[in-house]
Amino acid sequence: MNKLKFKFTRATRTLQLLLAITFAAISVAKADEAAIPGKVPVVDGIVQPKRPMKDAIAEAMAFLKKADGNYVPGNIKGELAGYFTSAFVNGDGSRAERQLAYPARQHAYFIFTFLQYQKYSGEKEWLLRARDLADWNLIHKTPADALYANVPFSTYKDGKPNGGADGDAIEPDKDAFIGSAFIALFETTKDKKYLAGAKSIADTLAKQQGKDGSWPFRVVAQNGTVRHEFGGAPIFYVQFFEDIMRHDKDAKYGKAHDQALALMLERNVKKNLWGIYHEDIRQKKDDKLSAEPMCFTATYLFRNTKKHPEYIDMGRKVLGAMEARLVHTEGHAAAPAAAVSEQEGFEHMMPGHTARYCLALVELYKATGDEQTKKKALSSINALTYMQSDEGLFKTHFQLVKEKN
């Protein structure tokens, strides 16, 4: 059995976005259209899946439970599942020894995934798992007397907050992301503690927003010392403040939202500047691209085109920049479907980033009705089934771009 370790963090992004596409029906090859040996079958311009999508998702969700140990969903006082404290897992699903996790982002992905899978499958344990992760983060947060108070940590190492490339800092944009996950839990359960947790995050972020609408990428929570100024995902702030304003119309939230939106449109869309994003990256030039925030940004723009028709061209501009440098339609096992590299300087095609790209394409199709966009989205979401291991894991590193095989 292969014991190579793969990051859970990015593998679960794939699941979250597979589910976010609402399990759209994927066309399958007709019996009279046999696949050409050695090539991926294509029917009516759509790459066909290696296995039925519903089976791929079920196997992936089953894989997540292999590192449970003695964890019982609904009880965080006992042993916890491996994904609480590690972003890594062995290739067979057993627990990895490395205790390094990224709670604010990683756990948010899990929460969104579990909530959506519970609705899809009807299996109640996934709601319990989502609540457990949120409850853990409501406990493990920055001190109340910190400048960045009552927010989850972006990195947790060897049982302690901070560490890794983050050092003694947190990443505020990831707090906005998990804040949206808290709101999703509140809207599902009506449990006010999750809304209260989200409001605590929102109050802190609104208070610490810069005059230009930004937050530092890395900052020491206790005293506000900036470790790294430029980067992150402004879209997380925009979406979070929109989410919380469904339940609290506080003027400071509206102001924070409007400033964050203006910053995102100016920095990310107009200037195509993204900078550092991932918790395990120490330095990156401002003009280097990262697929994850770019896909989230394009998806947001396409979802809001009824109110802002100009967002269609803006979203296409973001996707176009990404497609020119990070999207690959040849030289990999699922070609001619797209496979997406994580970021410039780390040219690994990954299923998670590919899934997010597909979600942006789906939203573009919904906004425009363009059939070629729809086919591209379906082809690339089907391509994910070629990136899944026999054990059910969507591997972090599907293939290096330079391998070309």
Side-chain angles (χ1 to χ4, degrees), residues 6-26 40 46-61 63-64 87 105-106 108-117 120 177 181 233 235 277-278 289-300 302-303 315 318-319 322-323 326-329 332-343 346 348-366 373-389 392-399:
F6 300 103
K7 288 186 180 179
F8 249 143
T9 310
R10 295 166 194 151
T12 52
R13 298 175 197 159
T14 303
L15 303 178
Q16 190 260 320
L17 290 160
L18 279 170
L19 299 172
I21 295 180
T22 64
F23 302 94
I26 306 299
V40 173
I46 300 173
V47 168
Q48 300 302 295
K50 186 177 181 180
R51 63 175 64 84
M53 186 60 67
K54 64 181 180 64
D55 294 342
I57 294 173
E59 290 171 12
M61 297 305 289
F63 181 89
L64 292 177
R105 183 168 61 99
Q106 174 188 354
Y109 272 116
F110 277 114
I111 290 170
F112 286 127
T113 299
F114 294 166
L115 288 177
Q116 292 180 69
Y117 195 70
Y120 169 73
F177 188 42
I235 180 57
Y277 170 77
H278 294 282
L289 304 185
S290 287
E292 189 163 335
M294 296 181 79
C295 287
F296 273 120
T297 301
T299 297
Y300 172 86
F302 294 141
R303 283 177 174 171
V318 173
L319 282 191
M322 198 179 88
E323 287 169 343
L326 297 176
V327 179
H328 309 279
T329 56
H332 58 81
V340 180
S341 294
E342 179 179 86
Q343 58 183 295
F346 193 70
H348 286 273
M349 292 178 278
M350 299 185 185
H353 301 297
T354 304
R356 260 183 306 282
Y357 171 65
C358 294
L359 183 57
L361 291 174
V362 167
E363 295 299 333
L364 176 58
Y365 166 69
K366 288 165 64 177
T373 298
K374 178 182 178 181
K375 289 183 177 182
K376 188 189 297 185
L378 292 174
S379 286
S380 299
I381 205 73
N382 285 346
L384 298 177
T385 61
Y386 296 87
M387 306 181 193
Q388 189 177 28
S389 73
L393 172 65
F394 285 101
K395 299 180 180 182
T396 298
H397 299 147
F398 168 52
Q399 185 177 311

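FYI, the numbering just counts along the sequence from 1. All values derive from a computational prediction rather than experimental measurement.
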(request) Go through the steps for His348 and Glu342 under the test side-chain contact (heavy atoms from CB on, under 4.5 Å), then give the verdict. (result) CA-CA 6 Å; His348 286 273; Glu342 179 179 86; 5.6 Å; no

Taking the side chain as C-beta and beyond, is there a heavy-atom pair between [X] and [Y] under 4.5 Å?
X	Y	answer
Arg105	Glu292	yes
Asp55	Gln388	no
Met350	Thr396	yes
Thr299	Arg356	no

(request) Using the test salt bridge (charged side-chain N to carboxylate O under 4.0 Å, His left out), find all partners of Lys375 that sit at least two apart in sequence or belong to another chain. (result)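 Partners of Lys375 by the salt bridge (charged side-chain N to carboxylate O under 4.0 Å, His left out) criterion, ordered by chain and then number, come out as Asp44.
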
Taking [X] for the side chain and [Y] for the main chain, is one N or O donor matched with an acceptor at less than 3.5 Å?
X	Y	value
His332	Ala337	yes
Thr385	Asn382	yes
Ser380	Cys358	no

(request) Apply the test side-chain contact (heavy atoms from CB on, under 4.5 Å) to residues Phe394 and Thr354: give CA-CA distance (whole Å), side-chain angles for both, the deciding distance (0.1 Å), then the verdict. (result) CA-CA 11 Å; Phe394 285 101; Thr354 304; over 6 Å; no

My understanding is that only residues two or more places apart in sequence, or in another chain, count here; which of them pass side-chain contact (heavy atoms from CB on, under 4.5 Å) with [X]?
X	result
Ser341	Leu326, His328, Glu347, Met349, Val401
Ser389	Glu391, Leu393, Lys395
Tyr365	Glu371, Thr373, Lys374
Ala377	Leu361, Val362

For [X] versus [Y], what's the shortest heavy-atom pair and its separation?
X	Y	result
Ala355	Leu384	CB-CD1, 3.8 Å
Phe398	Ala334	CZ-N, 4.5 Å
Gln343	Ser290	CB-OG, 3.8 Å
Val40	Ala333	CG2-O, 3.0 Å
Ala298	Ala360	CB-CB, 4.2 Å

About how many Å separate [atom2] of [Y] and [atom1] of [X], when rounded to the nearest 0.5 Å?
X	Y	atom1	atom2	answer
Met387	His397	CE	NE2	13.5 Å
Ile111	Gln106	CD1	CD	11.0 Å
Phe177	Ile235	CZ	CD1	11.0 Å

(message) Can you confirm whether or not the ring centre of Phe114 sits under 6.0 Å from the ring centre of Tyr117?
(response)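 Distance test on ring centres: not under 6.0 Å, no.
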
(message) Just checking Tyr277 against Phe296, ring centres under 6.0 Å apart?
(response)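 No; Phe296 has its ring centre 6.0 Å or more from that of Tyr277.
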
(request) Check the pair Met53, Leu378 against side-chain contact (heavy atoms from CB on, under 4.5 Å), reporting the backbone distance first and the verdict last. (result) CA-CA 11 Å; Met53 186 60 67; Leu378 292 174; over 6 Å; no

(message) The criterion is side chain to side chain donor-acceptor pair (under 3.5 Å); which residues satisfy it with Thr297, sequence neighbours excluded?
(response)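 Here no residue qualifies.
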
(request) With sequence neighbours left out, write down each residue that passes side chain to side chain donor-acceptor pair (under 3.5 Å) with Tyr386, or none if nothing qualifies. (result)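 None.
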
